[in-house]
Structure formats: C-alpha cells, structure tokens
Amino acid sequence: SSGVQIVPANQDRLDLQLTKLGAENVFLGCNSGVTTSSGFLFGGTCGSRVSVGTPVGTTGAVWGITVGASVSISYLEVTQ
C-alpha cells in the first residue's frame, strides 16, 4: 500500500499544523513512497497535534500512511 497525500505542496506556506482525529499511529513523509519504516511517527491519542514551520521545508506536500486502520487528519495552514 502507498501513502496518501494529506496536504498539497504550497510555496507560500509559513506554518502547518496537523491534528490527528483518531488514536492510530500515522507515519509522515514527503511522497507516496512513505512507509511505516521510513516515515516520521505521528503518534499519540485522538487530538494529538504536530506543528512544522518552513525552517524544516514544509512547503512541499505531506503524505501519510498507517499500519492498517484509517485515520482522519485535519490541517491548518498559514500562508503569506
């Protein structure tokens, strides 16, 4: 299975906050090739948040994958 795009690329992005709407672990990456081994672990309970800003290159798309269950993720994007 391949990753799913959570947020599209946006060159005007200044900050990005992701909120997980489920308890399942999500692994984040920069393309559809993200895996549970290579992705950044977005763990925690329902309502957990992660915030990333442009110093770490968040202008690109953000992709995610889970171990098997589906989970909804909402995002708040601050742009120029």
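Here, residue 1 is the first one in the sequence, and each next residue gets the next number.
Atom CD1 of I6 sits about 5.0 Å away from atom CG of L28, to the nearest 0.5 Å. T59 OG1 to Q11 CD: the interatomic distance, rounded to the nearest 0.5 Å, is 8.0 Å. Atoms CD and OH, from Q17 and Y75 in turn, are 13.5 Å apart once rounded to the nearest 0.5 Å. Considering CG of L18 and OG of S51, their distance stands at 8.5 Å, rounded to 0.5 Å. Rounded to the nearest 0.5 Å, atoms CG (N31) and CD (Q5) are 10.5 Å apart.
Pairs engaging residues 34-47 under the side chain to side chain donor-acceptor pair (under 3.5 Å) rule: T35-S38 [sequence neighbours left out]. A salt bridge (charged side-chain N to carboxylate O under 4.0 Å, His left out) check over residues 33-43, counting only residues at least two apart or in different chains, returns nothing. For residues 2-12, there are no salt bridge (charged side-chain N to carboxylate O under 4.0 Å, His left out) pairs, not counting sequence neighbours.
Hydrophobic cluster membership for V34: F27, L41, W63, I65, V67 (Ile, Leu, Val, Met, Phe, Trp, Tyr linked by side-chain heavy atoms under 4.5 Å, directly or transitively). The hydrophobic side chain of L21 is isolated, with no ILVMFWY side chain under 4.5 Å apart from it.
Every residue two or more places apart in sequence or in another chain that forms a salt bridge (Lys or Arg N to Asp or Glu O under 4.0 Å) with E77 is listed here: R13. By the side-chain hydrogen bond (donor to acceptor under 3.5 Å, both in side chains) test, T19 pairs with R49, sequence neighbours left out. With sequence neighbours left out, V78 forms a side chain to side chain contact (heavy atoms under 4.5 Å, CB included) with L14, D15.
A heavy-atom distance below 4.5 Å is found between the side chains of V62 and L16.
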